[in-house]
Amino acid sequence: MSASKHILLLPGDGIGPEVVNETVKVINWFSQNGPTQFTTSEALLGGAAYDAVGTPFPAETVTAAKKSDAVLLGAVGGPKWESLSIAQRPEKGLLGIRKELGLYANLRPAICFDALADASTLKREVIAGLDIMIVRELTGGIYFGQPRGVETLPDGTRRGFNTEVYTSPEVDRIARVAFELAAKRGGRVCSVDKANVLECTEMWREEVTRVHKESYPQLELSHMYVDNASMQLVRNPKQFDVMVTTNMFGDILSDTASMLTGSLGMLPSASLGAPNTPGLYEPVHGSAPDIAGRNLANPIATILSFAMMLRYSFNLKNEADQLEAAVSKVLEQGYRTGDIMQDGMKKLSTTEMGEAIIKALT
Ligand code: NAD
């Protein structure tokens with residue numbers, strides 16, 4: 001009897017429903033042709049939820065997400081909802097679901113498909129074969145630390161302040177995520193901090209070193225200051241295997257790394273919490289209102305997010321490899337969507353790209 005897994009779909013806004021639709025076709029293909037059956041259901045999130053039920057983050061969505069084995073999200077947001085209050089904005093739904101599921105580890109791979117190596121702003125030799133994984137701590141650090149705010153001092157001067165704060169268990173669990181990933185990849189972790197200036201990240205460095213020594217001595221650990229890391233990512237990104245860092249440094253470094261590989265339309269992500277809680281998988285891009293509803297969006301970022309789901313939530317490594325190979329094959333065949341278009345290539349719509357990937361799987 002084959003195992004069955006349930007995936008909650010949150011198509012969201014803009015191009016979200018279009019890219020999720022193509023991914024559902026891929027999910028169904030694996031359900032029919034792989035060892036695991038997948039069932040799916042849909043729930044509301046973001047602007048679509050606000051329009052339907054008056055809140056971007058309905059309670060039913062939280063319940064459905066917690067009951068699922070994994071969640072696939074399209075994108076949320078768009079100009080239509082920009083004038084709403086913060087509490088009603090689509091982004092509230094995104095932050096809400098991350099918080100409710102306790103997703104503390106954000107995995108952002110930066111992979112350069114050989115067929116796209118000439119599409120980057122960097123030279124082919126710098127990025128060809130690139131395969132790095134950035135692990136960003138997602139629920140702590142300066143974005144959440146207290147005290148925070150802006151105050152007016154007695155002399156009328158305004159003073160703004162935020163607090164970088166981590167506890168040792170928070171560092172311990174994110175370090176373990178990075179080491180576990182490295183054990184299945186190149187065996188190397190680079191921890192990024194600013195230990196020369198910030199006490200909090202000095203503690204981060206000590207804790208990562210302790211976890212390494214206690215539990216993963218067979219792997220290689222290095223440390224790098226964030227200013228150097230940002231420079232090295234552009235100078236020689238292939239020196240890295242897994243990078244692990246704080247919420248704010250990860251926010252910035254993962255965006256730098258994403259541009260090494262070309263278009264936003266190619267970049268998947270995963271956000272993971274405690275073992276046995278559902279992970280959230282989503283493309284890095286937003287709802288792209290400028291191309292929404294026109295069958296122009298690149299569905300590959302979302303399809304590769306499903307590949308991450310196969311790998312990290314369902315432990316289906318072969319199937320994840322198979323799907324990534326199918327994407328690579330389609331690109332080698334010269335098929336492109338508008339965002340990754342190059343001279344002499346064949347331009348496909350969103351649905352045609354989905355079909356090409358299914359064909360490459362069969
Ligand atoms: P965006 O990622 O939506 O778009 C940036 C540019 O990239 C646009 O020109 C768009 O057409 C293009 N693009 C993005 N994804 C593409 C794809 N799959 N295929 C082809 N082209 C693609 O960022 P933005 O324009 O800054 O934001 C638009 C809306 O999305 C905003 O409301 C923003 O808040 C929201 N947003 C949501 C998320 C999310 O849901 N995780 C992330 C970022 C932005």
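Just so you know, ligand 1 is whichever comes first in the structure, and atom 1 is the first atom listed for that ligand.
Set against the non-hydrogen atoms of E282, the atoms of ligand 1 under 4.0 Å away are 41 (N). For ligand 1, the atoms closer than 4.0 angstrom to any heavy atom of G77 are 32 (O). Below 4.0 Å from some heavy atom of P289 lie the following atoms of ligand 1, by number and element: 28 (C). Close approach of ligand 1 to I291 is summarised as follows: ligand atoms under 4.0 Å from at least one heavy atom of the residue are 11 (O), 20 (C), 21 (N). Distances below 4.0 Å separate heavy atoms of D339 from the following atoms of ligand 1: 19 (N), 20 (C), 21 (N). The distance from ligand 1 to the heavy atoms of G265 drops below 4.0 Å at these ligand atoms: 17 (C), 18 (N). Atoms of ligand 1 found under 4.0 Å from any heavy atom of L94 (numbered from 1 in listed order, with element): 39 (C), 40 (O), 41 (N). Short contacts between ligand 1 and A75, defined as distances under 4.0 Å to a heavy atom of the residue, involve ligand atoms 40 (O).
Checking only distances, H285 does come within under 3.5 Å of ligand 1, N or O to N or O.
Of the possible donor and acceptor atoms, none in the side chain of T261 sits under 3.5 Å from a partner among the backbone N and O of A257. Side-chain atoms of Q88 do not come within 3.5 Å of backbone N or O of P56 as any donor-acceptor pair. In this structure a side-chain-to-backbone donor-acceptor pair under 3.5 Å is present from H212 to L219.
For atom 27 (O) of ligand 1, no protein heavy-atom neighbour is present inside the 4.0 Å cut-off. For atom 18 (N) of ligand 1, a protein heavy-atom neighbour is found at a distance under 4.0 Å. Within a 4.0 Å radius of atom 21 (N) of ligand 1, the protein contributes at least one heavy atom.
Of the protein's non-hydrogen atoms, the one nearest atom 29 (C) of ligand 1 is S287 OG, 3.2 Å. Looking only at protein heavy atoms, the nearest one to atom 5 (C) of ligand 1 is L264 CD1, 4.0 Å. Protein heavy atom closest to atom 8 (C) of ligand 1, with residue, atom name and distance, is D290 OD2, 3.5 Å. With hydrogens left out, the protein atom closest to atom 34 (O) of ligand 1 is E91 OE2, 2.8 Å, a heavy atom. Among all protein heavy atoms, the one lying closest to atom 32 (O) of ligand 1 is G78 N, 2.9 Å.
Using 4.0 Å as the threshold, I15 has a heavy atom nearer than that to some atom of ligand 1. Within the structure, the closest approach of A297 to ligand 1 falls below 4.0 Å when heavy atoms are considered.
Checking P79, G46, A288 against atom 13 (N) of ligand 1, the nearest heavy atom belongs to A288. Across D13, T302, V76, heavy-atom proximity to atom 40 (O) of ligand 1 is greatest for V76. Counting heavy atoms only, G286 comes closest to atom 42 (C) of ligand 1 of the residues G286, S263, G74.
To the nearest 0.5 angstrom, L361 atom CG is 9.0 Å from I303 atom CD1.
A side chain to side chain contact (heavy atoms under 4.5 Å, CB included) with E282 is found for exactly one of L72, L73, V71, V19, namely L73. Among the candidates F30, W29, F314, the single residue satisfying the ring-ring contact (aromatic ring centres under 6.0 Å, His included) test with F38 is F314. With Y281 as the fixed residue, the side chain to side chain donor-acceptor pair (under 3.5 Å) test singles out one of S305, S313, S269: S313.
Counting only residues at least two apart or in different chains, salt bridge (Lys or Arg N to Asp or Glu O under 4.0 Å) contacts with residues 235-259 comprise R108-D255, R136-D251, R185-D241.
In the hydrophobic clustering of ILVMFWY residues, with side-chain heavy atoms under 4.5 Å counting as a link, I132 and I127 come out together.
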Next on the checklist: Does E137 form a side chain to side chain donor-acceptor pair (under 3.5 Å) with Y166? I'd like the steps, not just the answer.
Outcome noted: CA-CA 10 Å; E137 201 290 327; Y166 276 108; 2.9 Å; yes

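Comment: E164 does not engage K194 in a salt bridge, judged by the lack of any side-chain N to carboxylate O separation of less than 4.0 angstrom.
Between V165 and Q146, the shortest heavy-atom contact is CG1-N, 4.5 Å.
Every residue meeting the ring-ring contact (aromatic ring centres under 6.0 Å, His included) condition with Y216, not counting sequence neighbours, appears here in chain and number order: F179.
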